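Report on one structure; see the data block that follows.
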Amino acid sequence: QVLTIVQQAGVDVRLRETYSSVMLKGGGLLGAVLGSGPTVDIQAHVGQELLNAVGRQLATEEAAIRKDPALRKTPALQEILKK
């Protein structure tokens with residue numbers, strides 16, 4: 001589902017075309033610096049990094065909840081923890 005959202009947002013902002021013009025074409029600034037290696041599915045990359053960021057944020061929140069008992073008293077956590 002995340003990839004679907006990223007793909008639609010990518011279409012809306014022309015992500016693939018912009019990435020290609022910057023990275024892959026001979027005159028692209030980063031393409032000239034980094035070379036023309038294998039192509040990247042930029043939308044899949046953005047989707048994966050988004051999931052990675054969410055995972056890191058969840059881990060940070062979980063660590064804070066484990067460290068500070070007062071954070072366990074939110075209504076949402078109380079609902080989850082009673083199950």
Side-chain angles (χ1 to χ4, degrees):
Q1 290 177 342
V2 170
L3 184 54
T4 301
I5 294 167
V6 169
Q7 286 173 337
Q8 184 57 51
V11 168
D12 293 347
V13 299
R14 297 178 37 143
L15 177 63
R16 192 179 308 271
E17 295 87 358
T18 303
Y19 176 79
S20 293
S21 70
V22 171
M23 286 297 293
L24 303 176
K25 293 184 180 171
L29 175 63
L30 293 176
V33 172
L34 299 175
S36 59
T39 60
V40 172
D41 180 350
I42 190 66
Q43 290 176 330
H45 176 72
V46 169
Q48 185 61 51
E49 289 305 312
L50 176 62
L51 290 174
N52 290 344
V54 169
R56 286 189 300 271
Q57 185 62 36
L58 286 172
T60 299
E61 293 293 324
E62 180 186 9
I65 289 166
R66 289 179 183 274
K67 185 177 180 181
D68 184 359
L71 295 175
R72 298 178 199 154
K73 301 210 184 282
T74 66
L77 277 178
Q78 290 297 309
E79 184 66 25
I80 291 170
L81 294 174
K82 77 177 183 181
K83 293 182 179 184

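Values in this document were obtained by computation on a predicted structure and should not be read as measured data.
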By side-chain hydrogen bond (donor to acceptor under 3.5 Å, both in side chains) - contacts of [X] (at least two apart):
X: Arg66; answer: Glu62
X: Gln7; answer: none
X: Asp12; answer: Gln8

Got a second to check how far Arg56's CZ is from Leu51's CG, nearest 0.5 Å?
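Here the interatomic distance stands at 10.5 Å.
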Val11-Val46 co-clustered via ILVMFWY side chain contacts under 4.5 Å:
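Val11 and Val46: separate clusters.
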For residues Ile5 and Val13: do they belong to one hydrophobic cluster (side chain heavy atoms under 4.5 Å, members Ile, Leu, Val, Met, Phe, Trp, Tyr)?
no
At their closest point, which heavy atom of Lys73 faces which heavy atom of Gln78, and how far apart are they?
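Heavy-atom minimum between the residues: CA-NE2, 3.4 Å.
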